[in-house]
Amino acid sequence: MSDKTYYFLGKDFPRKEGRARVTGREVYPSDVVLPGMLYGKILRSPRPHARIKSIDFSGAQKLGAVVLAPNDTPQEFFNVRQVSVPRSTYKDWRILSDHVRQVGDPYAAVAAETEELAEQAAEAVQVEWELLPAYFSIEEAMAAEDNLIHDKVYLQDKEIPIQNNIACTREVTEGDVDKGFAEAEVIVENEFVTPRVYHCQVEPRGCTCRPEPDGGITVWPSTQALHNTRILLGQLFDIPLNKVNVIRITGGGHFGSGIHTNPVILITVALALKAGKPVKILQSREEDLYDHCRYPTRYTLKIGAKKDGTLTAGQMKAWVDIGSHHVQALAFLGVLAGWWHSLYRLPNMRYQGVAVYTNKAPTCAMQGYGAPQVTFGVETTMTILAEKLNLDPIELRANNYVGLGEIFWGQGPTIRSLIHSDGVKELLYTGAEKIGWDKRPDPKAQSGRLRRGIGVARGFHTSGTGAPVPGEVKDFTTVQVKVNEDGSIDILTALMDHGGGTLDAAAKLVAEEFGVPFDKVGISPADTRSTGYDVCTHATRGVYCGAGAVLDVAQDTKKILLDYASRILNAPADSLKTRPDEAENEGIIYVEGMPEKNITIREVAQTAMNNDWGTAISARSVRKVNCPPAYTTFFVEVEVDMETGMVRILRVVAGSDAGTVINPALAKGQLEGGFYRGAGMALLEDTDYDPKTGQLTNRGLLTDYKMLGAVDLPDPEKFEIFFAHTYEPTGPMGAKGIGEAALNPVPAAVAAAIHNATGIWFTKLPILPEDILRAVREERKRDGKKAPGKPQAVPER
Amino acid sequence: MKTAITLNVNGKEYPLEVKANEILLNVLRDRLGLMGTKYGCGIGECGDCTVLLDGKAILSCQSLAFTADGKKITTIEGLEHNGSLHPLQQAFIDEGAVQCGYCTPGMILSAKALLDTKPDPSDQEIKQAIRGNFCRCTGYTNIIRAIKTASEKIKDQGRKQT
Ligand code: FES
Ligand code: FES
């Protein structure tokens with residue numbers, strides 16, 4: 001939040017899509033209905049690893065269903081995730097394959113006139129399976145010599161051999177690690193484990209596709225990536241890209257699960273093309289649970305420091321169980337190193353990452369993309385180090401963090417940029433004061449059944465993936481900004497808003513730039529035929545890269561507008577200023593120092609039209625050459641019941657350094673939502689598999705996928721949020737991102753609070769009540785104590 | 001076998017023939033085109049499909065259509081009156097309680113059922129009333145704020161009218 005004053009930035013306005021969303025009129029992918037549309041149903045493997053020996057569709061065909069077998073689809077290999085450049089893209093996917101690699105893996109599909117009929121047709125398909133050995137742990141998978149999960153994988157276009165189910169590896173070294181550890185006076189080493197969290201976006205993924213008379217297709221998918229989806233569809237189905245139209249449609253939540261083109265989209269298109277009719281597929285919740293999840297990690301982390309707290313060296317070895325497919329695990333292994341290296345100055349570091357296939361649901365990005373995983377271990381280690389060195393954990397952080405003037409590469413070793421704004425110390429010190437850090441309990445001095453603890457963790461996310469030198473990840477946005485003849489303005493871009501307010505932010509920046517009332521700026525409906533490429537809204541790039549691109553193009557358009565105005569006002573364009581006139585609902589252009597010499601934007605646009613000068617309009621692609629760290633710090637207070645292991649969250653103080661805050665209420669909403677999902681990852685959420693059946697132990701039922709609810713979170717008054725007073729010089733009017741930074745430190749902060757209450761460090765997430773009880777019991781055994789004090793009655797919640 | 005029933009939805013009567021196993025959620029969406037009622041799980045776990053049945057919040061994915069015969073159903077489409085939003089709808093926008101918005105219709109209807117019987121609920125009562133409505137985006141904080149704001153507004157309006 002900077003101290004500059006603006007007409008619109010930093011103020012709250014009703015969000016533009018608000019009315020549609022509270023009246024039930026927003027159209028989500030599941031709401032798309034087309035005349036003559038068929039309903040599709042995907043056939044999914046009941047086996048964790050098998051090949052189809054034979055398949056008989058006659059029962060389905062008798063019911064009049066359209067059927068789709070693997071050999072009806074292109075058998076080309078590809079990767080569903082297209083944000084990486086081709087040289088770093090592993091390809092192990094086919095739309096349908098007769099080699100199934102997990103329970104829930106699609107192998108065929110049917111379509112019929114009603115959902116019921118489609119279901120009956122799906123049930124009528126007969127399959128004979130050849131069963132293959134399945135692997136549910138990294139150890140089992142890596143021990144396998146044959147019957148591998150993938151026998152053929154391509155890197156770009158080169159076939160690469162797969163051994164022991166290892167999908168890819170990555171190493172990063174800087175400095176001299178052995179020398180660094182030799183210099184260390186204290187070394188802390190632990191193993192950390194993070195869970196396989198399911199995104200659980202409220203709307204299960206789906207798609208509708210209509211084949212067009214000219215051989216093209218129109219597609220309404222749940223996705224975060226319009227243009228990447230268009231390019232992949234064009235390539236796989238051999239349709240010229242000017243005949244592939246992917247429509248932007250609001251999804252009921254994504255959280256990263258739509259950065260890749262989900263299989264349901266590809267299958268819907270294949271079915272529609274075969275049927276020659278529109279087809280819609282909406283996954284059930286059960287199917288969705290087998291479709292995607294967060295990358296789980298297991299890593300050892302060793303960090304050495306001098307007595308004064310200077311870090312000397314670090315070593316991390318990470319294993320990632322990626323499931324049945326590669327959704328770009330190479331990039332993921334890269335960011336694990338990046339998040340780690342960019343949290344604290346480490347002159348010497350060695351990183352090794354290994355991604356391993358297993359017969360489980362494919363893993364992909366989920367809010368934070370590896371940062372919550374790594375931040376958990378790094379922040380835990382920092383507090384342990386502080387304790388060993390007898391330093392205040394806040395000071396140790398303040399002295400070692402990567403900040404202003406330093407190079408960082410959060411998005412992996414190929415994406416390096418310089419830090420221009422840094423509110424870290426303000427976040428640490430202000431937050432500490434607000435929570436009462438100095439009065440936090442001493443775990444050793446606590447007794448009794450209910451124990452309180454305060455924990456801190458900090459972190460960041462990159463605002464996009466831009467850098468001076470392009471790296472492995474594409475990052476640019478194409479925008480058109482147009483002034484209409486009534487002085488209103490339209491923004492046309494494929495940029496997406498997943499609910500956080502990205503497009504409202506873009507509209508506010510444009511209103512500010514043009515000096516027009518916020519209501520006069522509109523967001524045009526977008527599709528891929530009418531817009532240029534946008535990589536997608538991910539990596540917390542929405543405001544900084546996306547809305548930043550909108551602002552740059554708005555400035556081009558404003559130049560044209562001011563040129564027209566200068567002809568009318570007979571004053572040089574650079575003497576012209578703009579301001580909103582809210583009462584008249586107009587934008588005003590005036591001569592600086594002569595406010596009486598003015599004209600409305602409406603009049604300028606009309607005069608330009610009537611004199612055939614043209615429309616004030618421009619379009620281009622913009623790439624940001626930075627991705628500034630959006631820092632956050634969370635202080636959390638918990639109460640742990642030593643008899644039941646239950647953790648209650650009492651209070652949260654969340655600080656965010658987002659530069660100029662454009663939408664304060666929505667930015668706060670990001671922090672509250674990020675906390676909720678992060679606390680769920682810390683305390684509850686995970687998916688695991690029954691190795692006997694290969695099924696999820698929750699069997700795909702939401703009933704057994706537990707998440708925190710409203711009752712588990714602190715009351716609104718107990719959730720305090722503040723923003724650092726910073727201005728990002730490379731950002732749009734000083735702004736940077738916030739989205740994923742709102743979650744990244746949360747699991748670590750919750751674990752630290754539990755430690756402060758119990759004196760026990762938990763290095764495996766989620767920290768379940770039974771884990772706490774077990775650890776408490778072990779601790780007592782070690783200490784020879786019987787009870788933590790006499791049992792007390794539990795106060796009512 | 002089909003049964004002839006009449007659904008009264010948002011004050012309008014719809015005579016329909018339904019099969020014994022037809023789910024209310026599907027009838028509302030597929031036959032009446034009321035797409036504001038959402039599917040999130042189909043097994044009674046998410047609350048996206050919440051509607052009001054004679055003023056009570058129920059899960060339409062767990063209700064057979066014929067059991068609603070002759071009863072009054074309110075869906076999210078029925079809350080706006082003469083172009084002006086219900087105080088809950090307005091408060092959800094104003095308090096930033098809407099992110100992706102997919103949970104919003106069900107959430108607002110659960111809140112309405114609460115405020116209709118308890119105009120001045122505590123935080124705890126609000127949390128209990130929406131415990132069956134799952135929101136993945138907001139972390140609930142702004143939703144609770146919005147429901148409180150709406151309750152104030154409704155009380156104010158009541159005071160003005162009397
Ligand atoms: S769809 Fe009815 S409760 Fe989830
Ligand atoms: S706003 Fe997205 S689920 Fe509630």
Side-chain angles (χ1 to χ4, degrees), chain A residues 12 14-15 17-28 30-31 33 115 199-204 250-255 282 284-286 498-501 663-666 668-677 679 701-703 705 707-711 713-717 719 797, chain B residues 26 29-30 33-48 75-80 85-86 88-106 108 123-124 126-145 148:
Chain A
D12 289 317
R15 68 182 308 153
E17 330 82 334
R19 201 172 173 109
R21 292 187 189 168
V22 299
T23 53
R25 278 185 283 173
E26 182 75 89
V27 178
Y28 296 88
S30 48
D31 303 327
V33 176
E115 238 177 317
H199 298 76
C200 207
Q201 76 294 348
V202 278
E203 183 186 36
T250 297
H254 291 293
F255 311 106
L282 183 60
S284 68
R285 178 60 69 190
E286 290 75 30
H498 309 320
N663 304 315
L666 300 182
K668 284 183 185 157
Q670 291 290 291
L671 290 159
E672 290 157 356
F675 178 80
Y676 148 71
R677 289 181 294 280
L701 299 173
L702 213 47
T703 323
Y705 184 75
M707 291 169 286
L708 299 180
V711 283
L713 292 160
D715 290 341
E717 318 68 80
F719 201 117
R797 288 202 169 185
Chain B
N26 298 345
R29 285 178 58 86
D30 302 341
L34 295 167
M35 296 301 215
T37 309
K38 302 295 184 202
Y39 163 88
C41 70
I43 57 168
E45 285 292 330
C46 74
D48 290 343
T75 70
I76 192 70
E77 289 89 349
L79 255 55
E80 214 178 336
L85 296 179
H86 185 278
L88 274 164
Q89 292 174 308
Q90 190 61 50
F92 266 64
I93 300 177
D94 294 343
E95 297 290 344
V98 181
Q99 289 193 25
C100 80
Y102 197 82
C103 72
T104 307
I108 288 182
D123 281 5
Q124 283 314 309
I126 294 175
K127 287 180 179 183
Q128 288 299 334
I130 59 168
R131 72 178 301 162
N133 291 80
F134 143 63
C135 172
R136 191 57 155 170
C137 296
T138 63
Y140 303 96
T141 318
N142 284 346
I143 291 177
I144 297 167
R145 283 198 189 105
K148 291 193 115 172

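Note: hydrogens, waters and symmetry copies are ignored here, and every other heavy atom, side chains too, is used. First the proteins, then the strands, lettered A, B, ... as listed; each starts at 1.
Counting heavy atoms from C-beta on, the side chains of B:N133 and B:C103 never come closer than 4.5 Å. Contact check for B:C135 versus A:V202: no side-chain heavy atoms found under the 4.5 Å cut-off. In this structure, A:V33 and B:M35 have side chains that are in contact, with non-hydrogen atoms separated by less than 4.5 Å.
For the set B:T37, B:I144, B:T138, the entry with the most heavy-atom pairs within less than 4.5 Å of chain A is B:T138. Counting heavy-atom pairs closer than 4.5 Å to chain A, the top residue among B:R136, B:R145, B:Q99 is B:R136. Between chain A and the residues B:R131, B:E80, B:Q90, B:H86, the most heavy-atom pairs under 4.5 angstrom are made by B:E80. Heavy-atom pairs under 4.5 Å with chain A peak, among B:C41, B:G42, B:G33, at B:C41. For the set B:I143, B:L85, B:T104, the entry with the most heavy-atom pairs within less than 4.5 Å of chain A is B:L85.
Of the two parts of B:I43, only the side chain, counted from C-beta on, holds a non-hydrogen atom closer than 4.5 Å to a non-hydrogen atom of chain A. For chain A, the nearby parts of B:N142 are the backbone and the side chain; heavy atoms of each come within less than 4.5 Å. Only the backbone of A:E26 has a heavy atom closer than 4.5 Å to any heavy atom of chain B. Of the atoms belonging to A:L666, it is side-chain heavy atoms, and not backbone ones, that fall under 4.5 Å from chain B. Looking at A:P716, the atoms closer than 4.5 Å to chain B (heavy atoms on both sides) sit in the backbone and in the side chain alike. Both the backbone and the side chain of A:S284 come within less than 4.5 Å of a heavy atom in chain B. Residue contact with chain A, scored on non-hydrogen atoms closer than 4.5 Å, involves the backbone and the side chain of B:E77 alike. The parts of B:Y102 that come within reach of chain A are both its backbone and its side chain, each placing non-hydrogen atoms under 4.5 angstrom from that chain. Heavy-atom distances place the side chain of A:E286, and not its backbone, under 4.5 Å from chain B. In this structure, chain B has no heavy atom under 4.5 Å from any part of A:L671. Neither the backbone nor the side chain of A:H254 comes within less than 4.5 Å of any heavy atom of chain B. Contacts of A:R25 with chain B are made by side-chain atoms alone, with heavy-atom separations under 4.5 Å and no backbone atom involved. Heavy atoms closer than 4.5 Å to chain B are found nowhere in A:D12, neither backbone nor side chain.
Panel note: side chain B:D48, backbone B:K38; no donor-acceptor pair is recorded below 3.5 Å. Looking only at distances, no side-chain donor or acceptor of B:E95 sits under 3.5 Å from a matching main-chain atom of B:A97.
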